[in-house]
Number of protein chains: 2
Amino acid sequence: MAAKKKTQFAILGLLSWKPMSGYDVKKLVDVGLSHFWNENYGQIYPTLDRLVADGLATKKSDHASGKRRRFVYTITRKGKKAFRTWIEAPTDAPIVRNELQLKFFLSSGLPAIDSVRLIKQHQGAQRAALAEYRHSEAVLREALQNDAVSDELDELMTMTGTDSQSRKKQLNTFYLTLRHGIHIIEARLAWCEEAITSLGADLANTET
Amino acid sequence: MAAKKKTQFAILGLLSWKPMSGYDVKKLVDVGLSHFWNENYGQIYPTLDRLVADGLATKKSDHASGKRRRFVYTITRKGKKAFRTWIEAPTDAPIVRNELQLKFFLSSGLPAIDSVRLIKQHQGAQRAALAEYRHSEAVLREALQNDAVSDELDELMTMTGTDSQSRKKQLNTFYLTLRHGIHIIEARLAWCEEAITSLGADLANTET
DNA sequence: GACATATATATCAGTTTGATATATTATTGC
DNA sequence: GCAATAATATATCAAACTGATATATATGTC
(Lines give C-alpha, C1' and ligand atoms only; values in the text may rest on other atoms or scores of the structure.)
Protein backbone atom coordinates (compact mmCIF):
# COMPACT_ATOMS: atom_id res chain seq x y z
CA MET A 1 0.00 0.00 0.00
CA ALA A 2 1.04 3.61 -0.47
CA ALA A 3 1.63 6.43 2.04
CA LYS A 4 -1.14 7.51 4.32
CA LYS A 5 -3.02 10.43 2.82
CA LYS A 6 -2.68 12.68 5.84
CA THR A 7 -2.65 15.74 3.60
CA GLN A 8 -6.36 15.28 3.16
CA PHE A 9 -7.03 15.70 6.87
CA ALA A 10 -4.62 18.57 7.31
CA ILE A 11 -6.51 20.47 4.61
CA LEU A 12 -9.91 19.44 5.96
CA GLY A 13 -8.86 20.74 9.37
CA LEU A 14 -7.90 24.11 7.95
CA LEU A 15 -11.11 24.31 5.93
CA SER A 16 -13.04 23.64 9.15
CA TRP A 17 -11.86 27.07 10.30
CA LYS A 18 -12.78 28.98 7.20
CA PRO A 19 -13.28 28.50 3.44
CA MET A 20 -10.00 29.12 1.67
CA SER A 21 -7.94 28.65 -1.49
CA GLY A 22 -5.00 26.32 -2.06
CA TYR A 23 -2.70 29.28 -1.73
CA ASP A 24 -4.19 30.11 1.68
CA VAL A 25 -3.70 26.50 2.80
CA LYS A 26 -0.04 26.61 1.85
CA LYS A 27 0.51 29.91 3.64
CA LEU A 28 -1.20 28.76 6.83
CA VAL A 29 0.76 25.52 6.93
CA ASP A 30 3.99 27.44 6.37
CA VAL A 31 3.43 30.00 9.11
CA GLY A 32 1.63 27.90 11.68
CA LEU A 33 2.56 24.27 11.30
CA SER A 34 6.02 24.31 9.77
CA HIS A 35 7.91 22.86 12.71
CA PHE A 36 5.84 19.71 12.80
CA TRP A 37 4.14 19.51 9.42
CA ASN A 38 4.49 20.65 5.84
CA GLU A 39 2.60 20.51 2.61
CA ASN A 40 3.41 21.59 -0.92
CA TYR A 41 1.40 22.72 -3.89
CA GLY A 42 1.96 19.47 -5.73
CA GLN A 43 -0.02 17.82 -2.98
CA ILE A 44 -2.46 20.60 -2.07
CA TYR A 45 -4.15 21.27 -5.41
CA PRO A 46 -4.82 17.65 -6.40
CA THR A 47 -5.99 16.89 -2.85
CA LEU A 48 -8.42 19.82 -2.88
CA ASP A 49 -9.93 18.54 -6.10
CA ARG A 50 -10.24 15.06 -4.69
CA LEU A 51 -11.94 16.45 -1.60
CA VAL A 52 -14.53 17.93 -3.95
CA ALA A 53 -14.83 14.66 -5.90
CA ASP A 54 -15.43 12.84 -2.62
CA GLY A 55 -18.03 15.34 -1.48
CA LEU A 56 -15.95 16.53 1.47
CA ALA A 57 -15.65 20.08 0.16
CA THR A 58 -17.15 22.34 -2.49
CA LYS A 59 -15.25 24.52 -4.96
CA LYS A 60 -16.32 28.03 -5.88
CA SER A 61 -14.69 30.53 -8.22
CA ASP A 62 -14.18 33.85 -6.47
CA HIS A 63 -13.41 36.82 -8.68
CA ALA A 64 -13.51 39.95 -6.54
CA SER A 65 -13.15 43.19 -8.51
CA GLY A 66 -9.56 44.13 -9.23
CA LYS A 67 -8.31 40.84 -7.76
CA ARG A 68 -7.20 37.86 -9.71
CA ARG A 69 -9.47 34.86 -9.90
CA ARG A 70 -9.19 32.32 -7.11
CA PHE A 71 -10.89 29.05 -6.19
CA VAL A 72 -12.27 28.96 -2.69
CA TYR A 73 -13.00 25.60 -1.08
CA THR A 74 -15.64 25.13 1.60
CA ILE A 75 -15.92 22.10 3.88
CA THR A 76 -19.19 20.14 3.70
CA ARG A 77 -21.02 18.37 6.52
CA LYS A 78 -19.60 15.10 5.21
CA GLY A 79 -16.14 16.70 5.29
CA LYS A 80 -16.58 17.77 8.91
CA LYS A 81 -17.60 14.27 9.81
CA ALA A 82 -14.55 12.79 8.07
CA PHE A 83 -12.37 15.24 9.96
CA ARG A 84 -13.83 14.27 13.34
CA THR A 85 -13.45 10.59 12.52
CA TRP A 86 -9.76 11.16 11.83
CA ILE A 87 -9.30 13.14 15.06
CA GLU A 88 -10.81 10.30 17.06
CA ALA A 89 -8.88 7.56 15.26
CA PRO A 90 -5.57 6.30 16.71
CA THR A 91 -2.72 8.73 16.11
CA ASP A 92 0.47 7.64 14.36
CA ALA A 93 3.75 8.12 16.20
CA PRO A 94 5.76 11.14 15.00
CA ILE A 95 7.86 10.44 11.92
CA VAL A 96 11.26 12.09 11.81
CA ARG A 97 14.00 12.37 9.22
CA ASN A 98 16.93 13.94 11.02
CA GLU A 99 19.89 14.18 8.69
CA LEU A 100 22.22 15.44 11.41
CA GLN A 101 21.61 12.37 13.53
CA LEU A 102 22.02 10.14 10.50
CA LYS A 103 25.37 11.69 9.65
CA PHE A 104 26.54 11.57 13.25
CA PHE A 105 25.55 7.93 13.64
CA LEU A 106 27.19 6.85 10.39
CA SER A 107 30.37 8.83 10.79
CA SER A 108 31.63 7.12 13.94
CA GLY A 109 34.59 5.94 11.86
CA LEU A 110 35.71 9.51 11.19
CA PRO A 111 37.84 11.64 13.57
CA ALA A 112 35.92 13.07 16.54
CA ILE A 113 36.84 16.57 15.40
CA ASP A 114 34.71 16.09 12.26
CA SER A 115 31.74 15.03 14.36
CA VAL A 116 32.16 18.09 16.53
CA ARG A 117 32.15 20.38 13.50
CA LEU A 118 28.99 18.67 12.26
CA ILE A 119 27.24 19.15 15.58
CA LYS A 120 28.33 22.78 15.95
CA GLN A 121 26.79 23.67 12.61
CA HIS A 122 23.52 22.08 13.69
CA GLN A 123 23.75 23.87 17.02
CA GLY A 124 24.02 27.22 15.25
CA ALA A 125 20.96 26.54 13.12
CA GLN A 126 18.94 25.39 16.13
CA ARG A 127 19.92 28.45 18.15
CA ALA A 128 18.74 30.70 15.34
CA ALA A 129 15.45 28.82 15.19
CA LEU A 130 15.04 29.10 18.95
CA ALA A 131 15.49 32.88 18.81
CA GLU A 132 12.65 33.14 16.29
CA TYR A 133 10.40 30.90 18.36
CA ARG A 134 11.15 32.93 21.48
CA HIS A 135 10.02 36.05 19.68
CA SER A 136 6.74 34.49 18.60
CA GLU A 137 6.31 33.16 22.11
CA ALA A 138 6.60 36.66 23.56
CA VAL A 139 4.09 38.03 21.04
CA LEU A 140 1.60 35.28 21.84
CA ARG A 141 2.08 35.52 25.59
CA GLU A 142 1.39 39.23 25.47
CA ALA A 143 -1.73 38.71 23.39
CA LEU A 144 -2.99 36.13 25.87
CA GLN A 145 -2.35 38.40 28.86
CA ASN A 146 -3.67 41.65 27.40
CA ASP A 147 -6.45 40.06 25.42
CA ALA A 148 -5.37 42.22 22.46
CA VAL A 149 -3.55 41.00 19.39
CA SER A 150 -0.70 42.77 17.63
CA ASP A 151 -0.84 43.54 13.91
CA GLU A 152 1.24 40.53 12.92
CA LEU A 153 -1.00 38.26 14.94
CA ASP A 154 -4.16 39.91 13.71
CA GLU A 155 -3.25 38.89 10.16
CA LEU A 156 -2.96 35.28 11.25
CA MET A 157 -6.25 35.37 13.14
CA THR A 158 -7.94 36.85 10.06
CA MET A 159 -6.57 33.95 8.01
CA THR A 160 -8.01 31.45 10.45
CA GLY A 161 -11.37 33.19 10.41
CA THR A 162 -11.78 32.83 14.15
CA ASP A 163 -14.57 34.83 15.74
CA SER A 164 -13.80 36.78 18.90
CA GLN A 165 -15.62 34.25 21.06
CA SER A 166 -13.26 31.35 20.39
CA ARG A 167 -10.27 33.54 19.68
CA LYS A 168 -8.66 33.22 23.08
CA LYS A 169 -8.92 29.47 22.89
CA GLN A 170 -7.31 29.42 19.49
CA LEU A 171 -4.57 31.75 20.67
CA ASN A 172 -3.83 29.37 23.50
CA THR A 173 -3.64 26.49 21.01
CA PHE A 174 -1.16 28.48 18.92
CA TYR A 175 0.80 29.18 22.06
CA LEU A 176 0.91 25.55 23.17
CA THR A 177 1.89 24.37 19.70
CA LEU A 178 4.73 26.85 19.73
CA ARG A 179 5.73 25.65 23.19
CA HIS A 180 6.05 22.18 21.72
CA GLY A 181 8.44 23.49 19.09
CA ILE A 182 10.47 25.21 21.79
CA HIS A 183 10.66 22.07 23.92
CA ILE A 184 11.93 20.10 20.92
CA ILE A 185 14.54 22.67 19.91
CA GLU A 186 15.77 22.93 23.49
CA ALA A 187 16.08 19.15 23.60
CA ARG A 188 18.18 19.23 20.43
CA LEU A 189 20.38 21.95 21.90
CA ALA A 190 20.79 20.07 25.18
CA TRP A 191 21.92 17.06 23.16
CA CYS A 192 24.43 19.16 21.22
CA GLU A 193 26.04 20.31 24.48
CA GLU A 194 26.15 16.78 25.82
CA ALA A 195 27.60 15.32 22.61
CA ILE A 196 30.22 18.04 22.22
CA THR A 197 31.33 17.54 25.83
CA SER A 198 31.55 13.79 25.35
CA LEU A 199 33.49 14.08 22.09
CA GLY A 200 35.67 16.81 23.57
CA ALA A 201 36.77 14.37 26.27
CA ASP A 202 37.60 11.87 23.51
CA LEU A 203 39.61 14.51 21.72
CA ALA A 204 41.57 15.35 24.86
CA ASN A 205 42.25 11.63 25.42
CA THR A 206 43.65 11.01 21.95
CA GLU A 207 45.80 14.13 22.14
CA THR A 208 47.57 13.14 25.36
CA MET B 1 12.72 18.73 -8.59
CA ALA B 2 11.99 15.54 -6.71
CA ALA B 3 12.80 14.39 -3.17
CA LYS B 4 16.37 14.21 -2.04
CA LYS B 5 17.83 10.75 -2.39
CA LYS B 6 19.14 10.51 1.15
CA THR B 7 18.56 6.76 1.14
CA GLN B 8 21.65 6.42 -1.01
CA PHE B 9 23.87 7.96 1.65
CA ALA B 10 22.26 6.12 4.53
CA ILE B 11 23.07 2.84 2.76
CA LEU B 12 26.54 3.97 1.77
CA GLY B 13 27.23 4.85 5.40
CA LEU B 14 26.18 1.40 6.57
CA LEU B 15 28.25 -0.28 3.83
CA SER B 16 31.25 1.74 5.02
CA TRP B 17 31.10 -0.37 8.20
CA LYS B 18 30.87 -3.72 6.57
CA PRO B 19 29.67 -5.39 3.34
CA MET B 20 26.05 -6.42 3.75
CA SER B 21 22.79 -7.41 2.06
CA GLY B 22 19.63 -5.37 1.62
CA TYR B 23 18.08 -7.35 4.43
CA ASP B 24 20.96 -6.44 6.74
CA VAL B 25 20.53 -2.78 5.83
CA LYS B 26 16.87 -2.89 6.74
CA LYS B 27 17.55 -4.62 10.04
CA LEU B 28 20.29 -2.21 11.06
CA VAL B 29 18.16 0.82 10.22
CA ASP B 30 15.26 -0.63 12.20
CA VAL B 31 17.25 -1.39 15.34
CA GLY B 32 19.69 1.49 15.35
CA LEU B 33 18.23 4.45 13.53
CA SER B 34 14.49 4.03 13.90
CA HIS B 35 13.87 7.06 16.09
CA PHE B 36 15.34 9.49 13.58
CA TRP B 37 15.40 7.62 10.27
CA ASN B 38 13.71 4.80 8.41
CA GLU B 39 14.04 2.97 5.15
CA ASN B 40 11.97 0.29 3.48
CA TYR B 41 12.67 -2.49 1.05
CA GLY B 42 10.98 -0.70 -1.82
CA GLN B 43 13.71 1.89 -1.48
CA ILE B 44 16.63 -0.27 -0.38
CA TYR B 45 16.82 -2.83 -3.18
CA PRO B 46 16.54 -0.42 -6.12
CA THR B 47 19.01 1.93 -4.41
CA LEU B 48 21.55 -0.86 -3.89
CA ASP B 49 21.37 -1.69 -7.57
CA ARG B 50 21.80 1.92 -8.53
CA LEU B 51 24.80 2.17 -6.23
CA VAL B 52 26.32 -0.67 -8.26
CA ALA B 53 25.38 0.98 -11.56
CA ASP B 54 27.06 4.19 -10.38
CA GLY B 55 30.20 2.35 -9.31
CA LEU B 56 29.72 3.21 -5.62
CA ALA B 57 29.34 -0.43 -4.57
CA THR B 58 29.86 -3.92 -5.92
CA LYS B 59 27.39 -6.81 -5.77
CA LYS B 60 28.42 -10.38 -5.02
CA SER B 61 26.29 -13.49 -4.69
CA ASP B 62 26.98 -15.26 -1.42
CA HIS B 63 25.75 -18.80 -1.13
CA ALA B 64 27.16 -20.33 2.04
CA SER B 65 26.37 -24.01 2.52
CA GLY B 66 22.97 -24.68 4.02
CA LYS B 67 22.09 -20.99 3.89
CA ARG B 68 19.87 -19.40 1.33
CA ARG B 69 21.45 -17.30 -1.39
CA ARG B 70 22.03 -13.65 -0.62
CA PHE B 71 23.52 -10.65 -2.41
CA VAL B 72 26.22 -8.90 -0.48
CA TYR B 73 27.12 -5.33 -1.40
CA THR B 74 30.57 -3.86 -0.80
CA ILE B 75 31.38 -0.17 -0.86
CA THR B 76 34.00 0.95 -3.41
CA ARG B 77 36.60 3.69 -3.08
CA LYS B 78 34.35 5.89 -5.18
CA GLY B 79 31.51 5.06 -2.80
CA LYS B 80 33.54 6.05 0.24
CA LYS B 81 34.40 9.32 -1.42
CA ALA B 82 30.73 10.02 -2.21
CA PHE B 83 29.90 9.27 1.42
CA ARG B 84 32.49 11.70 2.74
CA THR B 85 31.34 14.37 0.33
CA TRP B 86 27.82 14.04 1.71
CA ILE B 87 29.04 14.16 5.33
CA GLU B 88 30.86 17.41 4.62
CA ALA B 89 28.00 18.99 2.65
CA PRO B 90 25.48 21.25 4.44
CA THR B 91 22.98 19.29 6.52
CA ASP B 92 19.24 19.68 6.02
CA ALA B 93 17.14 20.71 9.00
CA PRO B 94 15.22 17.83 10.61
CA ILE B 95 11.93 17.04 8.87
CA VAL B 96 9.06 16.04 11.12
CA ARG B 97 5.54 14.80 10.55
CA ASN B 98 3.92 14.80 13.97
CA GLU B 99 0.30 13.76 13.66
CA LEU B 100 -0.47 14.45 17.31
CA GLN B 101 0.57 18.08 16.98
CA LEU B 102 -1.37 18.37 13.74
CA LYS B 103 -4.53 17.06 15.37
CA PHE B 104 -4.07 19.23 18.43
CA PHE B 105 -3.50 22.35 16.35
CA LEU B 106 -6.48 21.72 14.09
CA SER B 107 -8.91 20.70 16.80
CA SER B 108 -8.94 23.97 18.72
CA GLY B 109 -12.60 24.23 17.83
CA LEU B 110 -13.44 21.05 19.73
CA PRO B 111 -14.06 20.81 23.50
CA ALA B 112 -10.89 20.96 25.64
CA ILE B 113 -11.75 17.55 27.06
CA ASP B 114 -11.22 15.99 23.61
CA SER B 115 -7.81 17.61 23.30
CA VAL B 116 -6.85 16.27 26.71
CA ARG B 117 -7.82 12.74 25.70
CA LEU B 118 -5.76 13.10 22.54
CA ILE B 119 -2.71 14.22 24.47
CA LYS B 120 -3.05 11.54 27.15
CA GLN B 121 -2.97 8.82 24.51
CA HIS B 122 0.20 10.29 23.08
CA GLN B 123 1.65 10.60 26.57
CA GLY B 124 1.10 6.89 27.17
CA ALA B 125 2.85 5.92 23.94
CA GLN B 126 5.78 8.23 24.67
CA ARG B 127 6.15 6.88 28.20
CA ALA B 128 6.31 3.35 26.84
CA ALA B 129 8.95 4.40 24.32
CA LEU B 130 10.94 6.12 27.06
CA ALA B 131 10.97 2.95 29.15
CA GLU B 132 12.49 1.02 26.24
CA TYR B 133 15.08 3.70 25.60
CA ARG B 134 16.00 3.74 29.27
CA HIS B 135 16.66 0.04 29.13
CA SER B 136 18.94 0.34 26.12
CA GLU B 137 20.64 3.26 27.79
CA ALA B 138 21.46 1.13 30.85
CA VAL B 139 22.82 -1.67 28.66
CA LEU B 140 25.02 0.72 26.72
CA ARG B 141 26.22 2.57 29.78
CA GLU B 142 27.26 -0.68 31.39
CA ALA B 143 29.11 -1.77 28.26
CA LEU B 144 30.95 1.53 28.14
CA GLN B 145 31.96 1.31 31.80
CA ASN B 146 32.93 -2.36 31.93
CA ASP B 147 34.37 -2.45 28.42
CA ALA B 148 32.42 -5.68 27.88
CA VAL B 149 29.32 -6.05 25.79
CA SER B 150 26.24 -8.08 26.66
CA ASP B 151 24.86 -10.72 24.31
CA GLU B 152 22.19 -8.47 22.86
CA LEU B 153 24.76 -5.79 22.17
CA ASP B 154 27.28 -8.25 20.80
CA GLU B 155 24.83 -9.17 18.07
CA LEU B 156 24.56 -5.53 17.05
CA MET B 157 28.32 -5.07 17.06
CA THR B 158 28.71 -8.15 14.88
CA MET B 159 26.26 -6.65 12.43
CA THR B 160 28.27 -3.46 12.23
CA GLY B 161 31.49 -5.40 11.74
CA THR B 162 33.39 -3.14 14.09
CA ASP B 163 36.82 -4.33 15.14
CA SER B 164 37.73 -4.17 18.82
CA GLN B 165 39.95 -1.16 18.26
CA SER B 166 37.20 1.24 17.25
CA ARG B 167 34.48 -0.58 19.17
CA LYS B 168 34.45 1.71 22.17
CA LYS B 169 34.13 4.72 19.91
CA GLN B 170 31.22 3.18 18.09
CA LEU B 171 29.56 2.21 21.36
CA ASN B 172 29.80 5.82 22.46
CA THR B 173 28.19 6.93 19.18
CA PHE B 174 25.33 4.49 19.77
CA TYR B 175 25.01 5.82 23.29
CA LEU B 176 24.92 9.46 22.20
CA THR B 177 22.42 8.74 19.45
CA LEU B 178 20.20 7.06 22.00
CA ARG B 179 20.61 10.04 24.33
CA HIS B 180 19.25 12.20 21.54
CA GLY B 181 16.17 10.02 21.35
CA ILE B 182 15.74 10.28 25.10
CA HIS B 183 16.05 14.07 25.05
CA ILE B 184 13.38 14.28 22.35
CA ILE B 185 10.96 11.95 24.11
CA GLU B 186 11.40 13.80 27.37
CA ALA B 187 10.69 17.05 25.57
CA ARG B 188 7.47 15.57 24.21
CA LEU B 189 6.47 14.37 27.67
CA ALA B 190 7.25 17.74 29.23
CA TRP B 191 5.00 19.32 26.63
CA CYS B 192 2.21 16.86 27.42
CA GLU B 193 2.31 17.85 31.09
CA GLU B 194 2.31 21.53 30.22
CA ALA B 195 -0.54 21.22 27.73
CA ILE B 196 -2.70 19.08 30.02
CA THR B 197 -2.23 21.57 32.85
CA SER B 198 -3.13 24.48 30.61
CA LEU B 199 -6.21 22.75 29.21
CA GLY B 200 -7.17 21.54 32.66
CA ALA B 201 -7.34 25.14 33.83
CA ASP B 202 -9.59 25.87 30.83
CA LEU B 203 -11.79 22.97 31.78
CA ALA B 204 -12.08 24.15 35.38
CA ASN B 205 -12.97 27.64 34.12
CA THR B 206 -15.77 26.49 31.86
CA GLU B 207 -17.16 24.23 34.56
CA THR B 208 -17.51 26.95 37.19
C1' DG C 1 7.87 52.19 -16.87
C1' DA C 2 11.06 48.73 -15.31
C1' DC C 3 11.82 45.70 -11.53
C1' DA C 4 10.75 43.22 -7.61
C1' DT C 5 7.38 41.07 -4.79
C1' DA C 6 2.92 39.03 -3.48
C1' DT C 7 -1.02 36.45 -5.03
C1' DA C 8 -2.66 32.32 -7.23
C1' DT C 9 -2.98 27.96 -9.92
C1' DA C 10 -0.99 24.09 -12.21
C1' DT C 11 2.28 20.47 -13.39
C1' DC C 12 5.73 16.75 -13.15
C1' DA C 13 9.86 13.84 -12.88
C1' DG C 14 11.70 11.56 -9.46
C1' DT C 15 11.58 9.80 -4.59
C1' DT C 16 9.40 7.53 -0.85
C1' DT C 17 5.83 4.70 1.43
C1' DG C 18 3.66 0.66 3.15
C1' DA C 19 2.40 -3.40 2.04
C1' DT C 20 2.40 -7.82 -0.19
C1' DA C 21 4.18 -11.89 -2.78
C1' DT C 22 7.50 -15.42 -2.95
C1' DA C 23 11.01 -18.69 -1.41
C1' DT C 24 14.32 -20.89 1.77
C1' DT C 25 16.07 -22.26 6.22
C1' DA C 26 15.54 -22.58 11.44
C1' DT C 27 12.89 -23.32 15.55
C1' DT C 28 9.35 -24.72 18.43
C1' DG C 29 5.38 -27.35 20.11
C1' DC C 30 2.83 -31.37 20.19
C1' DG D 1 8.69 -36.68 13.28
C1' DC D 2 6.07 -33.26 11.37
C1' DA D 3 3.19 -29.16 11.21
C1' DA D 4 3.04 -24.55 12.30
C1' DT D 5 5.57 -20.47 13.00
C1' DA D 6 9.36 -17.38 12.80
C1' DA D 7 13.46 -15.63 10.70
C1' DT D 8 16.07 -14.82 6.53
C1' DA D 9 16.10 -12.80 2.03
C1' DT D 10 14.75 -10.68 -2.42
C1' DA D 11 11.51 -8.36 -5.34
C1' DT D 12 7.66 -5.50 -6.78
C1' DC D 13 4.03 -1.80 -7.04
C1' DA D 14 0.25 1.54 -6.77
C1' DA D 15 -0.33 5.48 -4.51
C1' DA D 16 1.52 9.39 -1.98
C1' DC D 17 4.81 12.93 -1.45
C1' DT D 18 8.73 16.22 -2.69
C1' DG D 19 10.83 20.14 -4.55
C1' DA D 20 10.98 22.80 -8.01
C1' DT D 21 9.43 25.30 -11.98
C1' DA D 22 6.20 27.53 -15.28
C1' DT D 23 2.58 30.71 -15.91
C1' DA D 24 -0.27 34.77 -15.04
C1' DT D 25 -2.19 38.78 -12.56
C1' DA D 26 -1.92 42.58 -9.30
C1' DT D 27 0.68 45.73 -6.20
C1' DG D 28 4.46 48.42 -4.52
C1' DT D 29 8.57 51.22 -5.45
C1' DC D 30 12.49 53.55 -7.33
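In what follows, chains carry the letters A, B, and so on, assigned in the order in which the sequence lines appear, proteins first and then strands, with residues in each chain numbered from 1.
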Trp86(B) side chain to Lys103(A) backbone, donor-acceptor under 3.5 Å | no
Which nucleotide in dA7(D), dA8(C), dA16(D) has an atom nearest any side-chain atom of Tyr23(B) = dA7(D)
Whole-Å distance between dT8(D) P and Lys67(B) NZ?
-> 9 Å
Sugar-phosphate, base or nothing in reach of Phe71(B), heavy atoms under 4.0 Å = sugar-phosphate
Looking at dT7(C), dT16(C), dA9(D), which one has an atom nearest to any side-chain atom of Thr7(B)?
-> dT16(C)
Indicate whether OP1 or OP2 belonging to dC17(D) is found under 4.0 Å from a side-chain N or O atom of Arg97(B).
-> yes
Which heavy atom of Ala195(B) sits nearest a heavy atom of Leu176(A), and at what distance?
-> CA-CD2, 4.1 Å
Rounded to whole angstroms, how far apart are CD on Gln8(A) and C1' on dA16(D)?
-> 12 Å
Given atom CZ of Arg70(B) and atom C1' of dA7(D), what is their separation to the nearest angstrom?
-> 13 Å
Position toward the 5' end of DNA chain D (nearest nucleotide), Gly42(B) or Ile95(B) | Gly42(B)
Separation of atom CD in Gln43(A) from atom P in dA10(C), rounded to whole Å | 15 Å
Can you tell me how far C1' of dT16(C) sits from CG of Asn40(A), to the nearest Å?
-> 13 Å
Just call it for Gly22(B): base, sugar-phosphate, or nothing, with non-hydrogen atoms closer than 4.0 Å on any strand.
-> sugar-phosphate
Are any of Tyr45(A)'s side-chain N or O atoms less than 4.0 Å away from OP1 or OP2 of dT9(C)?
-> yes
Under 30°, 30 to 60°, or over 60°: which ring-plane class applies to His180(B) and Phe36(B), parallel, tilted or perpendicular?
-> perpendicular
Write down the distance between NZ (Lys5(B)) and P (dA20(D)), rounded to a whole number of angstrom.
-> 14 Å
What is the distance, rounded to the nearest whole Å, between atom NZ of Lys60(A) and atom P of dA8(C)?
-> 15 Å
Rounded to whole angstrom units, what separation is found between the CH2 atom of Trp37(A) and the C1' atom of dA16(D)?
-> 12 Å
Hey, which sits more toward the 5' end of DNA chain C by its nearest nucleotide, Ser21(A) or Lys4(A)?
-> Ser21(A)
Please step through side-chain hydrogen bond (donor to acceptor under 3.5 Å, both in side chains) for the pair Ser198(B) and Asn172(A), ending with a clear verdict.
-> CA-CA 9 Å; Ser198(B) 173; Asn172(A) 195 236; 3.1 Å; yes
When all nucleic acid strands are considered with a 4.0 Å heavy-atom cut-off, which category describes Lys6(B): base, sugar-phosphate, or nothing?
-> sugar-phosphate
Quick one: does Arg68(A) reach the base of dA26(D) with a side-chain donor-acceptor pair under 3.5 Å?
-> no
Minimum heavy-atom separation for Arg179(B) to Trp191(A), with atom names?
-> C-CD1, 3.9 Å
Of Val72(B) and Ala2(A), whose nearest nucleotide on DNA chain D comes first from the 5' end?
-> Val72(B)
Among dT11(C), dG19(D), dT17(C), which is the nearest nucleotide to the side chain of Asn38(B)?
-> dT17(C)
